[in-house]
Amino acid sequence: MPYTAKTFTITPGADLSPVQLELHLGLYAGYVKNLNLLNHQLTLLKSDRSTNTLAISELTRRLGFEFNGMRLHELYFEQLSGNGEISGPLATALATQWGSIETWKEDFEQTCLFRGIGWGILSIDVESGQFYNSWVSDHEIGHLAGLPIILAVDMWEHAYLIDYKPSQKTDYLKAIFARLNWSTLDSRLAN
Ligand SMILES: [Fe+2]
């Protein structure tokens with residue numbers, strides 16, 4: 001079954017302008033389209049594996065970029081429907097592991113501010129119960145195997161460049177945190 005681009009409840013504002021959001025949602029739709037195209041092409045190519053070995057290999061390697069490009073953007077947009085109020089079981093658990101929610105937030109923000117394009121990710125190791133703040137380059141490089149993602153912040157320049165200069169990444173992060181819906185994050189943790 002082909003994937004369909006989802007819709008999200010985000011009200012544009014001075015912090016995330018209509019133009020910025022429209023551009024970004026358009027890019028997201030592009031990942032959905034390309035993933036469908038990729039899956040379709042792979043199905044066709046696999047009807048003759050011996051002839052298409054190299055093409056199958058190259059396109060399969062591309063799945064991580066297109067699929068994660070789709071899924072990470074869905075996690076990103078879905079979590080921006082709140083008012084930034086930090087509360088709930090996740091906040092409590094993060095404060096327990098890091099000593100305080102402020103210490104966790106500082107570490108997460110510093111992770112997001114790494115140079116290069118990619119994502120700041122909060123995930124949990126279900127086996128140990130330990131949370132991780134980590135960095136994913138592009139959409140697919142550096143994921144911690146099997147760890148469910150609880151928070152994903154897009155740090156590609158296309159996510160903020162219309163509203164913020166590259167030197168204002170901290171202001172962009174502030175805007176994202178001010179829109180975070182911690183109930184959404186809690187439901188990811190519960191799942
Ligand atoms: Fe993006």
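Whatever order the structure lists them in is the order used to number ligands and atoms, beginning at 1.
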I want to know whether H139 and F67 have ring centres closer than 6.0 Å. no
Ring-face cation of K169 near Y160 (centre distance under 6.0 Å, axis angle within 45°): no
Total protein N, O or S atoms, the Fe ion (ligand 1), separation less than 2.8 Å: 4
Excluding sequence neighbours, so at least two apart, what forms side chain to side chain donor-acceptor pair (under 3.5 Å) with Y172? Y76
Tracing side-chain links under 4.5 Å among I, L, V, M, F, W and Y, which residues wind up in one group with L27? V19, L23, I162
Fit a plane to each ring of W104 and W98, take the angle between them on a 0 to 90° scale, and name the class: parallel (under 30°), tilted (30 to 60°) or perpendicular (over 60°). perpendicular
With sequence neighbours left out, what residues match R188 under side-chain contact (heavy atoms from CB on, under 4.5 Å)? L75, E78, Q79, T184, L185
